[in-house]
Structures are given as C-alpha cells and as structure tokens.
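Note that this is a predicted model, so its numbers are computed, not measured.
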Protein chains: 2
Amino acid sequence: MRDDKAGELELRSFKGRPKLSEEIAGQLRQLIQGGELMPGTQLPTENAMIEQFGVSRTVVREAVAALSADGLVNARQGRGVFVANDLTQQPFRLGDSRLSERDHIVQIMELRLSLEVEAAGLAAQRRTSEDLREIEDAFERMVEAQRSGQEGAEQDFAFHLRIAEATQNTYIAKFIRYLGPFIIPRPARRTVTGGEREVYLEGLTQEHANIRDAIADQDEAAAIEAMRIHLSRGLALNRSLVQS
Amino acid sequence: MRDDKAGELELRSFKGRPKLSEEIAGQLRQLIQGGELMPGTQLPTENAMIEQFGVSRTVVREAVAALSADGLVNARQGRGVFVANDLTQQPFRLGDSRLSERDHIVQIMELRLSLEVEAAGLAAQRRTSEDLREIEDAFERMVEAQRSGQEGAEQDFAFHLRIAEATQNTYIAKFIRYLGPFIIPRPARRTVTGGEREVYLEGLTQEHANIRDAIADQDEAAAIEAMRIHLSRGLALNRSLVQS
DNA sequence: TCTTCTCAGTCATCATACAACAGTTGATAT
DNA sequence: ATATCAACTGTTGTATGATGACTGAGAAGA
C-alpha cells in the first residue's frame with residue numbers, strides 16, 4: 001500500500017491535510033471498533049505495520065500514541081501493542097454528528113435537562129450548609145451580572161454547576177461541567193431589547209429563585225419541579241428561536 | 001494442551017515507568033487546562049520543548065500527537081502547534097477518579113438514573129410503533145434469558161438502551177450506550193439462590209413490564225415514575241450490597 | 001530439577017536528515 | 001516607485017539508523 005496519490009482532490013475542508021499518522025490511526029481505530037481486532041489481541045509489530053502501511057516508524061508510533069491516549073490500546077515495552085480488553089475507557093464525545101444546528105442545540109438541552117432535574121432533587125437532599133451558601137452566592141452574582149446589562153450566561157451556568165456539585169456525586173458534576181461549553185457560547189443571541197428584556201429576566205430570576213429556595217428547604221420534589229419548569233422553558237425557547 | 005488462557009489480569013494500576021511522552025503530554029495538558037495557555041495561543045515550538053523538557057523530538061511529537069487526538073491542540077505544518085480555540089472537543093471519561101469501588105458504582109448508577117428517568121418520559125412521548133415493537137422484543141428476550149437461568153444483564157441493558165433510543169435523541173442514546181460497560185460487567189454477583197431468586201426476578205420483571213406498558217400507553221408521567229421506581233430499587237440494592 | 005545465562009523480539013528513546021509548508025525579505029523587472 | 005518573484009528562515013511532517021530497556025523462552029550449567 002504505497003502512497004496512493006492522496007494529494008489530488010481529497011475532501012479539502014478548511015482543515016486540509018490529512019496527516020499520515022492520523023490516517024493510519026483512523027484505519028487502526030476502524031479495525032478495532034469494527035471487531036476485527038478483538039480485545040486482548042496483539043496488534044502487528046511496528047515493523048510489520050511499517051511494511052503493511054508503507055510508512056515510517058515515526059508515523060506508526062504517533063498513530064499508536066494517539067490510540068493509546070484514547071485508551072483504545074496499550075503498548076508494553078518488550079511485548080507489543082495490545083487492544084485494551086476493557087474498552088470502557090474509550091472516551092465519550094459529543095458533536096461529531098451530522099445533526100443540524102437546531103437539532104444539536106435541542107438535543108444537548110434535553111440531555112442537560114434530564115440530568116439537572118434529578119440533580120436538583122439530589123442536591124436538595126444532600127446539600128451541606130456550605131453548598132447552600134455557595135449556591136446563594138452564585139445566584140446573587142448571576143442577578144448582579146444581568147442587572148448590570150451583561151449576558152450573564154457564564155454566571156447562569158456557574159449557578160447550575162454549583163447545584164450539580166451539591167449532589168455530592170462527582171460524576172454528575174463532572175458531566176455537567178463537560179456539557180458547559182456546549183451550552184454557554186451560543187452565539188445565536190436572542191436580541192431582546194428594552195422592556196421586553198426586563199420581563200424576560202424577571203421571569204428567569206424567579207425560576208432560579210424557586211430552585212434555590214427548594215434546595216434551601218431541602219424539598220426534593222419542589223426542587224425537581226422547579227428545575228424542570230426552568231429548563232423546559234429554556235428548551236421551548238430554543239426550539240422556537242432556532243426554528244425561524 | 002495449549003489452552004489459550006492469555007486472560008491476564010490487566011491490573012496495571014501503577015505502571016512502573018510512565019512513558020516519557022505521556023509525562024510530557026500530562027504537563028502540557030495541565031498547562032492548557034490550567035489556563036496558562038489560552039485557546040488560540042501557540043505552544044512552544046518543538047525545538048523549544050526539546051530544550052525545555054530535555055527530551056528528544058520523538059517524545060515531544062508523540063506527546064503532541066496524543067493531545068491532538070484529544071482535540072486539545074491542533075498542529076499546522078509550517079506554522080506551529082496551537083491550543084484549540086474550541087475546547088468543547090475534549091472528551092469526557094469516567095473512572096480516572098479515586099473513589100472507592102462502592103462509591104464508584106453508586107455514583108454511576110445515580111448518573112444513569114438521572115438520565116433514564118427522563119428518557120423514559122421522552123420515550124413515552126415520542127416512541128414510534130417501530131420503537132415500541134423493538135422495546136417489547138427486548139423485553140421478551142430479557143425475560144427469556146432470565147427464565148433460562150442466565151444472568152440476563154446484557155439483555156437488561158439492551159432493553160434500557162432501546163428505550164433511550166426511542167427518545168429520538170441521539171445524544172441521550174449515545175451516552176447511555178457509553179455508560180453500558182460501566183454497568184454490565186459487575187462481577188460482584190449477588191448469589192441469590194433458588195426460591196429467593198424467583199421472587200427477585202418476578203419483581204424485576206414486573207418493574208420492567210410497568211415501564212414497557214407506560215411507554216406503550218404513551219403515558220409520560222407513568223413512564224417516569226416506573227423508571228424511577230425501578231432504578232431506585234436497583235440503586236438501593238447496590239448500596240446495601242457493596243456495603244458489607 | 002533448579003538456577004542462571006544467553007538471545008532474539010519488541011517497544012522506548014535519541015539523533016540526524018530531508019520534505020512540505022508558511023511567512024518574510026530583498027532583488028529584480030517593469 | 002511599484003509589482004513580481006526568488007531566496008531565506010523557521011516551522012511541522014516524514015524517513016531512517018542506532019541504541020537502550022524490557023520480555024519471554026530456550027540453552028547451559030549445577
């Protein structure tokens with residue numbers, strides 16, 4: 001498999017050049033996930049792959065390094081490279097999907113809602129007084145930011161994240177934190193103006209306050225309900241907005 | 001007599017010698033995630049890092065390749081290596097945490113519960129007749145497996161996954177699928193025997209049937225409730241079991 | 001039988017060289 | 001004076017040879 005003149009008119013997205021090492025890594029990834037290389041089996045040795053793919057050791061090694069970083073294989077000095085027998089380590093990523101921008105946002109929001117509704121309930125059960133204090137602080141900072149005319153999206157997210165941390169469940173908090181960047185930097189801004197903005201913000205603040213109070217009261221059902229109402233409204237808003 | 005029992009325990013929790021490239025990759029990762037290298041900024045050139053870390057170019061390049069595979073940086077030939085402007089691409093992984101085995105299981109289960117409860121509601125709203133048919137099939141396969149004495153954990157998960165897919169939300173389904181390996185291969189088996197097992201399985205089947213029926217009736221509230229009951233019981237079971 | 005040694009195979013690292021690409025500079029032609 | 005282009009510098013990408021470190025198994029020795 002010599003180089004097959006891949007340079008002609010490949011799909012030249014803005015990204016452009018498909019590095020050889022990425023090419024090889026992709027092929028190996030396909031072999032593994034396609035089941036042709038079962039967990040525990042040994043990959044061809046470096047020299048074998050050098051011949052098989054017709055590339056240099058540099059390329060092969062960088063490809064293996066990439067797979068190894070994903071936990072898909074692990075290399076053992078003096079023995080060889082083996083497919084991980086515990087594929088549970090391969091990471092989870094959102095976004096390499098062929099959804100429209102609208103579906104993308106809506107689905108992320110639904111995912112977020114599912115998690116946060118229950119998280120609010122857990123937080124209400126388990127929040128420490130320290131948690132409560134920080135949640136209230138985050139609430140104040142959010143209100144302050146919005147009052148001073150800022151977007152407040154970051155403070156909004158910080159409020160939600162603090163609630164997730166109050167669940168005492170590190171995985172839930174970690175996942176919410178992971179979801180953050182997918183939610184915050186939405187450039188599609190709803191440019192509400194003047195009085196309309198006031199009304200909108202007031203409703204938003206009330207929803208947030210309801211959540212905060214339910215958690216303060218350690219009222220699980222109320223916290224779940226308040227969070228569901230809050231996120232459902234945001235979801236409906238997004239659904240209609242991006243529709244146009 | 002060469003029974004191919006290469007089932008080695010891959011318990012290499014502490015790899016005696018962390019590879020140099022992984023070491024460097026870790027340091028760079030810390031610099032980036034710690035905010036010392038802002039998105040868009042250029043990393044030191046390869047030669048600079050060679051000096052700075054006192055390693056060879058091979059090591060530096062493999063470290064960068066690993067980060068690049070995670071989407072943390074992207075290298076451009078002739079220009080340099082840059083911190084990704086959209087850190088939203090860095091993957092999510094569970095497990096590299098220092099939780100006890102018990103907390104690990106319980107927290108994963110809680111994460112799963114949060115998602116699946118809401119997913120059941122969405123599935124009830126949106127399931128197609130095709131979805132329903134497959135959910136019912138999965139249910140039958142699960143019952144059949146358990147009746148024939150098998151564990152049935154895989155069929156159980158397949159049932160839940162099929163419900164997640166009925167939400168029509170690819171991200172939710174994808175995440176449930178990701179969670180699968182963390183749930184299924186629990187070796188900590190509760191060796192219930194004889195009649196006790198019968199009773200346990202009967203209750204389990206009834207819970208599953210309730211979920212299935214609620215989804216069939218497109219009754220959102222009932223589906224949520226049934227799923228919550230089902231997973232809460234499983235969670236409580238896990239909590240007490242691993243306690244000992 | 002048991003221990004020790006040797007050896008071939010493999011990945012890990014180092015070093016060097018060249019190719020491909022991007023940006024800058026400066027000479028040249030008009 | 002301006003435009004064009006060639007050369008130069010610095011960067012990542014790829015190729016290659018050499019050496020070290022580690023593993024497993026068989027050979028050699030007691």
### Message
To the nearest 10°, give me the bend of the helix from dT1(C)-dA30(D) to dT30(C)-dA1(D), comparing the axes of its five terminal pairs at either end.
### Response
30°
### Task
Could you check how far CZ of R79(A) sits from C1' of dG24(D), rounded to whole Å?
8 Å
### Message
Please evaluate residues E165(A) and R177(A) with respect to the criterion side chain to side chain contact (heavy atoms under 4.5 Å, CB included), reporting the C-alpha separation (whole Å), side-chain torsions for both, the decisive distance (0.1 Å), and the verdict.
### Response
CA-CA 10 Å; E165(A) 285 169 345; R177(A) 194 179 299 114; 3.0 Å; yes
### Message
According to ring pair (Phe, Tyr, Trp, His ring centres under 6.0 Å), who are the partners of F82(B), at least two apart in sequence or on a separate chain?
### Response
none
#### Entry: Beyond-backbone contact of H104(A) with Y171(B), side-chain heavy atoms, under 4.5 angstrom
yes
### Query
For nucleotides 13-19 of chain C, read 5' to 3', which letter fits each nucleotide if B means a protein heavy atom sits under 4.0 Å from the base, S means only the sugar-phosphate is that close, and - means neither?
BB--B--
### Task
Could you check how far CD1 of I50(A) sits from P of dT14(D), rounded to whole Å?
14 Å
### Message
Whole angstroms only, please: what is the CD-P distance between Q42(A) and dT23(D)?
### Response
15 Å
Please list every donor-acceptor pair under 3.5 Å in which a side-chain atom of residues 48-59 of chain B meets a protein atom from a residue at least two apart or in another chain.
residue : atom : partner : partner atom : Å
S56(B)  : OG   : T58(B)  : N            : 3.4
R57(B)  : NE   : E46(B)  : OE1          : 2.5
R57(B)  : NH2  : E46(B)  : OE1          : 2.9

### Message
Could you tell me how far apart N74(B) (CG) and dG13(D) (C1') are, to the nearest whole angstrom?
### Response
15 Å
### Query
Would you say the side chain of Q107(B) lies within less than 4.5 Å of the side chain of I172(A), judging by non-hydrogen atoms?
no
#### Entry: Sequence-distant partners of D156(A), salt bridge (charged side-chain N to carboxylate O under 4.0 Å, His left out), two or more places apart
none
### Message
For E116(A), give me all partners under side chain to side chain donor-acceptor pair (under 3.5 Å), at least two apart in sequence or on another chain.
### Response
R112(A), H160(A)
#### Entry: V64(A) vs G78(A), nearer the 5' end of DNA chain C by closest nucleotide
G78(A)
### Task
Measure from CG on N47(A) to P on dT10(C) and round the result to the nearest Å.
8 Å
### Query
Atom CZ of F82(A) and atom C1' of dG24(D): how far apart are they, to the nearest Å?
11 Å
### Main-chain N/O of D70(B) paired to R93(A) side chain as donor or acceptor, under 3.5 Å
yes
